[in-house]
There are 2 protein chains.
Amino acid sequence: MKKTVGVSPKVNSDLTAKARIRNAAFALYANYGEDATSMRAIAEAAGVTVGLVVHHFRTKDGLREVIEQHIVDLFFGAIKQVPLEGTTAEIAAARDEAVADMLSDNPAVVGYLRRALLDPMGHRGRILEMLTDLAAKQVATLRNVGVASKAHRDSSQVIGVMIRQLGQLFLQPMVDSMWSQLAGPNAAEDDKPLLVVKVQES
Amino acid sequence: MKKTVGVSPKVNSDLTAKARIRNAAFALYANYGEDATSMRAIAEAAGVTVGLVVHHFRTKDGLREVIEQHIVDLFFGAIKQVPLEGTTAEIAAARDEAVADMLSDNPAVVGYLRRALLDPMGHRGRILEMLTDLAAKQVATLRNVGVASKAHRDSSQVIGVMIRQLGQLFLQPMVDSMWSQLAGPNAAEDDKPLLVVKVQES
DNA sequence: ATCAACACTATACGAATGTATAGTATACTA
DNA sequence: TAGTATACTATACATTCGTATAGTGTTGAT
């Protein structure tokens, strides 16, 4: 009974073994966490042996580095593709939507980040810092083409962007669990409460 | 260099070994997660040997059961102590405050729940179900003394109570990290953005 | 065709883990 | 005071883990 979590084998089967290993590890990390995922489980999910995982990525640290860089690339790719046209607000909104689309296409990103960000003591990577930097740079380019916002507001805006997008996704599984326990598994979906997360400037 | 996380040794030292083991395990689980905490680490933090941990709790499952029951007791104790006087809204508000106080007195509860609830695939306990049940019962007693709310709204209310209380606590660490990275470690505390989490009825 | 680089497998090893067992000290009951 | 249950320690064992090493197949340039 081998389960394939998150990655479609059809898509996966004509990738290089190295890419398959990275994808398998990414999906497993997102679903079960890095510590609960053994190199042997990664190898099996990718259809190779442990030795090859070590050959391509050396250690688990190496694997995590590649995965986190991949996540940053996904964010950057999503933001990059929206043109710098229109008002600042329009650009910001278009970026929000592009990122939201990317997240919905790549659920493993959400799962991985949920674990990484909400486990401040345990996580050994630097993904939060990398993403915060990326978001800060994006806000800065926005300021260059549009109205300048007061510099000390920039930080709040960066945090606002990330929390709005991720916070809701992080907590929604908890709402879903409770909803199905309370209302029964086959209750009307449209009655389900919606989560709203926002940051308030002080 | 042995660190004592969360538990004051002064308070701890005149407890029974069994209670010390439970407290040590609770604090370690909250900070590092169950999987990353070995029985030997628990034993060392409690000042005993591994054998005694096994003697008192049999397995890690047994330990988790006791800890989760302890958490439920803390919630129940907080709610129980507010008298059923005043309007429904007043009772509900007083309960919210009692729970908030309990959470601030027992940070390990927040840490433990953050891990348990945000790790839907990995967690092996039943704490979310237990707490949802408890919250549902409390909403039900509220309905008996006050105005009846439509039954299908009860679920939303239960979810609202738990999310309002826990959601903000779960996400705030993420805001804090980003804030100190962006604004520098010694920026003015009162500029820090405030997180608001709520559920919206559909 | 040869040789070197690379992809990949097989196996092994030490460390850490959860738990079992056997034994010792301490406390309680008769 | 004797005896037994309970608290507690010490040690052992099988399993799983990350990683290292040695070897086999495969490809591609000359």
Side-chain angles (χ1 to χ4, degrees), chain A residues 1-3 5 9 12-68 115-116 119 121-125, chain B residues 1-3 5 9 12-68 115-116 119 121-125:
Chain A
M1 171 83 78
K2 88 168 81 171
K3 278 187 264 191
V5 277
N12 240 9
S13 50
D14 45 349
L15 295 177
T16 67
K18 189 171 176 179
R20 260 164 29 226
I21 293 170
R22 169 175 58 81
N23 289 351
F26 188 19
L28 287 169
Y29 282 15
N31 278 285
Y32 305 105
E34 178 178 330
D35 284 346
T37 300
S38 69
M39 308 227 79
R40 286 162 179 85
I42 295 169
E44 190 189 343
V48 299
T49 59
V50 241
L52 192 59
V53 180
V54 173
H55 174 68
H56 280 306
F57 300 94
R58 296 285 302 171
T59 67
K60 273 188 124 183
D61 283 350
L63 211 29
R64 175 168 11 83
E65 237 170 78
V66 168
I67 289 173
E68 300 202 339
R115 290 177 180 282
D119 185 2
M121 312 288 302
H123 189 69
R124 291 174 285 275
Chain B
M1 169 85 81
K2 94 167 75 171
K3 281 187 258 188
V5 275
N12 243 8
S13 51
D14 45 348
L15 294 177
T16 65
K18 189 172 175 179
R20 263 168 23 228
I21 293 170
R22 169 175 57 83
N23 289 351
F26 188 19
L28 288 169
Y29 283 15
N31 278 283
Y32 305 105
E34 179 178 330
D35 284 346
T37 300
S38 69
M39 308 226 80
R40 284 162 180 84
I42 296 170
E44 190 188 344
V48 298
T49 59
V50 239
L52 192 60
V53 180
V54 173
H55 174 67
H56 280 306
F57 299 94
R58 297 286 301 173
T59 66
K60 273 188 126 183
D61 283 348
L63 209 31
R64 178 171 5 87
E65 237 170 78
V66 168
I67 289 174
E68 300 202 339
R115 290 176 180 282
D119 184 2
M121 312 288 302
H123 190 69
R124 291 173 287 275

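Nucleic acid contact class of Ser38(A) (heavy atoms, under 4.0 Å, all strands): sugar-phosphate only.
Salt bridge Asp35(B)/Arg115(B): absent, no basic N to carboxylate O contact under 4.0 Å.
Mapping Gly51(A) and Arg40(A) onto DNA chain C by nearest heavy atom places Gly51(A) at the nucleotide closer to the 5' end. Remark on DNA chain C: of its neighbouring residues Val50(B) and Val53(A), the 5'-side contact belongs to Val53(A), judged by nearest-heavy-atom nucleotide. Nearest-nucleotide positions on DNA chain D place Gly47(B) closer to the 5' end than the other of Gly47(B) and Met39(A).
Distance Glu34(B) CD to dT17(C) C1': 13 Å, rounded to the nearest Å. Summarising the geometry, the separation between CG on Leu28(B) and P on dG18(C) is reported as 12 Å, rounded to the nearest angstrom. Rounded to whole Å, the distance from CG on Leu63(B) to C1' on dT19(C) is 13 Å. Rounded to an integer number of Å, the gap from Glu44(A) CD to dT9(C) P is 13 Å. For Leu52(B) and dG18(C), the CG to P distance is 16 Å, given to the nearest whole Å. Taking atom CD1 of residue Ile42(B) and atom P of nucleotide dT17(C), one finds them 11 Å apart after rounding to whole Å. Computed from coordinates, the His55(A) NE2 to dA5(C) P distance equals 14 Å when rounded to whole Å. Remark: C1' of dA7(C) and CZ of Phe57(A) are 13 Å apart, rounded to the nearest angstrom.
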Does the pair Asp119(A) and Asp119(B) meet the rule for a side chain to side chain contact (heavy atoms under 4.5 Å, CB included), with working shown? CA-CA 10 Å; Asp119(A) 185 2; Asp119(B) 184 2; over 6 Å; no
Where do Lys18(B) and Phe57(B) land on the side chain to side chain contact (heavy atoms under 4.5 Å, CB included) test, with the steps shown first? CA-CA 9 Å; Lys18(B) 189 172 175 179; Phe57(B) 299 94; 3.8 Å; yes
Please evaluate residues Asp61(A) and Arg64(A) with respect to the criterion side chain to side chain contact (heavy atoms under 4.5 Å, CB included), reporting the C-alpha separation (whole Å), side-chain torsions for both, the decisive distance (0.1 Å), and the verdict. CA-CA 5 Å; Asp61(A) 283 350; Arg64(A) 175 168 11 83; 2.7 Å; yes
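On the nucleic acid side, DNA chain D contacts chain B at distances under 4.0 Å to non-hydrogen atoms, with the end points of that region at dA7(D) to dA12(D).
In this structure, of dT9(C), dA20(C), dT19(C), it is dT9(C) that holds the atom nearest to the side chain of Thr49(A).
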